[in-house]
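The next block holds one structure in the form of structure tokens; read it before the comments.
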Amino acid sequence: MKMSDRYSPGEVEQKLYERWEKNGYFSEDDKNDKYFSIVLPPPNITGSLHLGHALNHTIQDSLIRWKKMNGYRAVWLPGTDHAGIATQMQVEKALAKQKKTRQMIGREKFLEQVWEWKHKYGNQIVHQMKRLGSACDWNRHLFTLDDVSVKAVKKVFVHLYKKGWIYKGTRLVNWSPALSSAISDLEVEHKEVSSSLWYIRYYLEDKKNYLVIATTRPETLLADQALAVHPEDERYKEYHGKKVHLPLVNKLIPIITDSYVDKGFGTGALKITPAHDFNDYEIGKKHGLENFNILNIDGRLNENAGNYTGLKVAEARKKVVQDLEDQKLLEKIESYKHQVGFCSRSGSVVEPYLSEQWFVKMDQLAENGLKKVLQKETEFIPEYWLKTFEHWMNNIQDWCISRQLWWGHRIPCWTCSDCGEVTVCEEAVEKCNSCSSKNIKQDEDVLDTWFSSALWPMSTLGWPDKTVNQDNYPTSVLVTAPDILFFWVARMIMMSLEFQSQVPFRHVYLHGVVRDAQGRKMSKTLGNGEDPIDLIEEYGADALRLFLLDEHRMGQDIRFSRENLKTCRNFMNKIWNSARFVHQNFKMDLKKPQNDELSIMDQWILQKLQKTEKEVSKELHDYKFSSACTKLYRFAWLEFCDWYLEWVRSVLYGKVISENTEDNYTVWKAGEKPLENTEKLSVSYYVLCYTLNRLLRLLHPFIPFITEEIYQTWPIKDKESIMLDTYPGEDGHFLHSKTSKETQVEFIRDIVVAIRTLRGENNIKPSAQIDVELYLEDVKDLEKITQTIKGSISNIFFLEKLNSLKIVDQINPKPSAIMNLSPDVKIIIPLEGLVDLASEKKRLEKQIKKCEENLNKLQNQITSFSEKVPERVRKDKKDQAESLRNSLKSLHSSLERFNK
RNA sequence: UGGGACAUAGCUCAGUUGGUUAGAGUGCUACCUUGACAUGGUAGAGGUCGGCGGUUCAAAUCCGCCUGUCCCAACCA
């Protein structure tokens, strides 16, 4: 098998995804009896994949793949949302290009066109999800206007209506003039705006005195019904019960008193506009004022506005201010910053508007929902979201669910034009229940898109056609960004409790937002977005996934960084090439070695592997994707590739080393002949394959494509796909040896690193073959150390280009580079003839300085110890100090040799 | 205004119940194209752990206050 020296994701991703899907790996494996399920937050059919989706989907996909490998009957249920407003706007925009409006073509025709649009463009995001590798069970894809969803919506609506929890009422609602529709509180985005505070004179009936009020919306005075002052406000006591002239309008309005008024703000007098302000509405109700409406559904002033009829709000404001000025009714204008509500869908300024709408009564639903969540039936991760959730549930408002749109679930309510009877019913109504008249009409409005979304966990599992599979319900975890905690998560919880008598999911994992490199939110207006598909094409899906997971610390936002994405791409190449190494260099048969055949380095990597497996499993259980990925990344690169694989290379390419005794010292010398140690090689090859195989499986949930591609070519594999193999960590392990070889390996690594450091800092040519001495202070260590390094001599020679290695008990009197491995053991490289000696001197001086600093710090600590310090710590610190003192001593003596 | 989060190397972040010489990646510097990989390797420089105070023998870690950044929730016209 030939492998290219670069991993090319483009060549393998599509092919592998198609195979997975064709072979049915994404469906529930009914051989397993432990269930795990996730419902996908359904993306809008108008949407295209952005990095937020990519993060959201990668997390879910990793969980699903992990659980599948872990022996679960895991399924990820996908779907798409009809997205009432967004989709309707798309089609209306297209119509506008032909100079048409939806009203011109009529409801039926319009809906036909929306469906057409949906069939043409609505699946784009699904195709994009596949590029990312998402292991969704596409056979069970649900659209929120599919039959089941429609049935669920009707059933719920009728049930809640009969219970009295859905009602119709005329209320002041948030109105989007651009959409000509009501929107819910949650769809209003508050932004700070620089505006003005206009001070306006309201003359009293006698036209002599006047009151001044301050307002941010002067045009609403046309609908004023009263002025209000605080009953205790001394300044205005004489005016109680009097009337004032409403400026620009030939009308007298009363001065009322209400303790709502803040004496300290503005002038302490407040104009009351019940039909156009939420607070004024409440005050108006209390005082029996008329709800005088001056707005049309499109945000223009209506015929109640007299001269201003037909103007847009902003235009009316200008004209009103101008007219006030002309009539000398404007006291002053102050610049003022305040919060203004914007429609999150259309971006237009939201106007409070009086209209008849449908509402869901939320108090009881919220109480039940909060109770279960506080009982931990559903857990939020990270936990701090619980507080925010609790606050919202305790302050919940009734939910305005009707929208004046056409695309969506039409409200299942019919009114008889003859007798006025209202029928709310799941089936289409043909004639009036009460008078049998056929002259009946269905409510024109559709439901808020979130109404069907609220039923999502139930409808994806087939409800109400089927009862939900209790083994699969509650679903295991919901993964989402916190911005829709209330829109969606809270409502699903409430609805599920009402209709399934249990919460819809056990866990809610709330992840952060992907920001740009400067930490700003990615947005179309800023143009700082990154298209995940472009990134996949440039770096590969696996690289993007690993980037997102690795950067994603629990609950924290991610900063996009092309550099870090590149690093992830490089990681793929590293893994790819480690597999390539295996393929290129070994042809022998695999035989599982016995424990006593393993070299210390073999044992070391197996122990590191075992440790990594344990840790990764734990991190995944805790939703700590970043630590899991970071641990795997480090194991794979730093331990497996940088050390173990290099070590195996040295077994492969090492030379025969001869061992002699000269002047009572043991001396090893490099020979010419290649090592050809096939036995050793065979063992290492097995360990290499075994470790890489398990590493691939460990990595698969995060980077599915490359791991499968390599797995497919692997000499030892048990399954036809890595997806069907097991996840390492919770299964057995072939190495059971309990003896730790850790210290021995560390010792050998220390030798190698010491030689490298000395070479590096003294600028010894990398190609230079060098002689090295290993100094032992204490001869009784000789046997032990010889034993330890014996099996690794040829490796050390290969890795560090040694000419000879000599064990000595006297320090070479000539200038040498020296490094302490421990107080009693030093690595010495005689420098004569190799380099300029000044650099080693400089290095020694630096070391001495650092050593002295540390020793001082320690000394201070030790002298200030009180009796309370535990013996353990006391001894630790003493040992450290002792060790530092020894190092210092030998550093000084080394330096002296340079000064001679 | 209230609630929450965060503040550690130039940048992005680890640092578990207080006790390691405070770590990693990236960037930077130097050297190296050796037989998996230059999307690579080796080594090096770089931090009063936001500030002040407290608890303690000992604080990046626990407590209080302050400063700064961000998010959420809000009816102050």
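In the text below, chain A, chain B and the rest are named by the order of the sequence lines, each starting its count at 1. Treat the numbers as computed from the prediction; the structure is a model and nothing was measured.
Of all the heavy atoms in A/L758 and A/I829, the pair that sits closest is CB-CD1, 3.7 Å. Minimum interatomic distance between A/E351 and A/R217 (heavy atoms only, all atoms of both residues): OE1-NH1, 3.5 Å. Residues A/D642 and A/K574 come closest through the heavy atom pair OD1-NZ, 4.2 Å.
As rounded to the nearest Å, B/U1 and B/G47 have C1' atoms that lie 38 Å from one another. Taking atom P in both B/G23 and B/C49, the straight-line distance is 14 Å, to the nearest Å. Rounded to whole Å, the separation between the P atoms of B/A74 and B/U67 comes to 27 Å. Distance noted for atom C1' between B/G50 and B/U61: 16 Å (whole Å). A gap of 11 Å separates the C1' atoms of B/G27 and B/G46, to the nearest Å. Distance check on atom P: B/C71 versus B/G54 gives 35 Å, rounded to whole Å. Distance noted for atom P between B/U69 and B/A59: 30 Å (whole Å). Rounded to whole Å, the P atom of B/U8 lies 12 Å from the corresponding atom of B/U48.
Here B/C31 is the nucleotide among B/U34, B/C31, B/A43 with the atom lying nearest to any side-chain atom of A/P766. Across B/U34, B/C13, B/U39, the shortest atom-to-atom separation from the side chain of A/R559 is found for B/C13. With distances taken from any side-chain atom of A/R515 to the nucleotides B/U34, B/G4, B/C71, the minimum falls on B/C71. Among the nucleotides B/U39, B/G25, B/G44, the one closest to any side-chain atom of A/N570 is B/U39. Of the candidate nucleotides B/G40, B/A5, B/G25, B/G40 has the atom nearest to the side chain of A/K574. Checking B/G35, B/C37, B/G27 against the side-chain heavy atoms of A/E563 singles out B/G27 as nearest. For A/Y384, whose side chain is taken as the heavy atoms from C-beta onward, the closest listed nucleotide among B/A5, B/C37, B/G25 is B/A5.
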Just by protein heavy atoms under 4.0 Å, how would nucleotides 72-77 of chain B read 5' to 3' in B, S and -?
SSBBBB
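In terms of position on RNA chain B, the residue among A/E646 and A/T630 whose nearest nucleotide sits closer to the 5' end is A/T630. Judged by closest nucleotide on RNA chain B, A/T567 is the one of A/L652 and A/T567 placed further toward the 5' end.
Contact annotation for A/W637: backbone-only contact, meaning every heavy-atom pair under 4.0 Å involves sugar-phosphate atoms and none involves a base. Within the nucleic acid shown, A/F798 comes within 4.0 Å of at least one base atom, counting heavy atoms only. At a threshold of 4.0 angstrom between heavy atoms, the contacts of A/L645 include nucleobase atoms, whether or not backbone atoms are also involved. Within the 4.0 angstrom heavy-atom criterion, no nucleotide atom of any strand lies near A/N395. Using a 4.0 Å heavy-atom cutoff across all strands shown, A/E551 reaches sugar-phosphate atoms only and no base atom.
One donor-acceptor pair, N or O on each side, does fall under 3.5 Å between the base of B/U39 and the side chain of A/R6. At a cut-off of 3.5 angstrom, the base of B/U26 holds no donor-acceptor pair with the side chain of A/K566.
Taking only side-chain nitrogens and oxygens, A/R634 never comes nearer than 4.0 Å to OP1 or OP2 of B/A24. Within the 4.0 Å cut-off from OP1 or OP2 of B/U39, not a single side-chain nitrogen or oxygen of A/R569 is found.
Ring centers of A/W576 and A/Y7: under 6.0 Å apart, within the cut-off.
In this structure, A/F625 atom CZ and B/C13 atom P are separated by 19 Å, rounded to whole Å. Counting to the nearest Å, the P atom of B/A5 and the CZ atom of A/F380 are 16 Å from each other. Taking atom CH2 on A/W643 and atom P on B/G41, their separation rounds to 14 Å, with Å as the unit. Rounded to whole Å, atom P of B/G40 lies 11 Å from atom CG of A/D642. Going from atom CZ of A/R759 over to atom P of B/A30 covers 21 Å, rounded to whole Å. In this structure, CG of A/L546 is placed 12 Å from C1' of B/G25, rounded to the nearest angstrom. Between the C1' atom of B/G15 and the NZ atom of A/K631 lies a distance of 11 Å, rounded to the nearest Å. When the P atom of B/C71 is taken as reference, atom CD of A/E189 falls 12 Å away, rounded to whole Å.
Checked options A/V651, A/L652, A/V648, A/V582; the residue passing with A/Y685 is A/V582 (criterion: side chain to side chain contact (heavy atoms under 4.5 Å, CB included)). Partner A/F625 forms a ring-ring contact (aromatic ring centres under 6.0 Å, His included) with one of A/F702, A/F547, A/Y509 and no other, that one being A/Y509. Residue A/N564 forms a side chain to side chain donor-acceptor pair (under 3.5 Å) with just one option from A/E551, A/R559, A/R569, and that option is A/E551.
For the residue pair A/T691 / A/K608, no side-chain donor-acceptor distance below 3.5 Å is found, with atom types taken as modelled. No donor-acceptor contact under 3.5 angstrom links the side chains of A/S626 and A/D550, judged on distance only.
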So what's the dot-bracket for RNA chain B: Watson-Crick or G-U pairs under 3.5 Å, [ ] if a pair crosses, | if it pairs off-strand?
(((((((..((((.....[...)))).(((((.......))))).....(((((..]....))))))))))))....
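Every residue two or more places apart in sequence or in another chain that forms a side-chain contact (heavy atoms from CB on, under 4.5 Å) with A/I484 is listed here: A/W450, A/T480, A/F487, A/W488.
For A/E383, the CD atom counts as loosely surrounded, since its 6.0 Å shell holds 12 or fewer non-hydrogen atoms of other residues, nucleotides or ligands.
Taking the charged nitrogens against the carboxylate oxygens, A/E530 and A/R562 do have a contact shorter than 4.0 Å, which makes a salt bridge.
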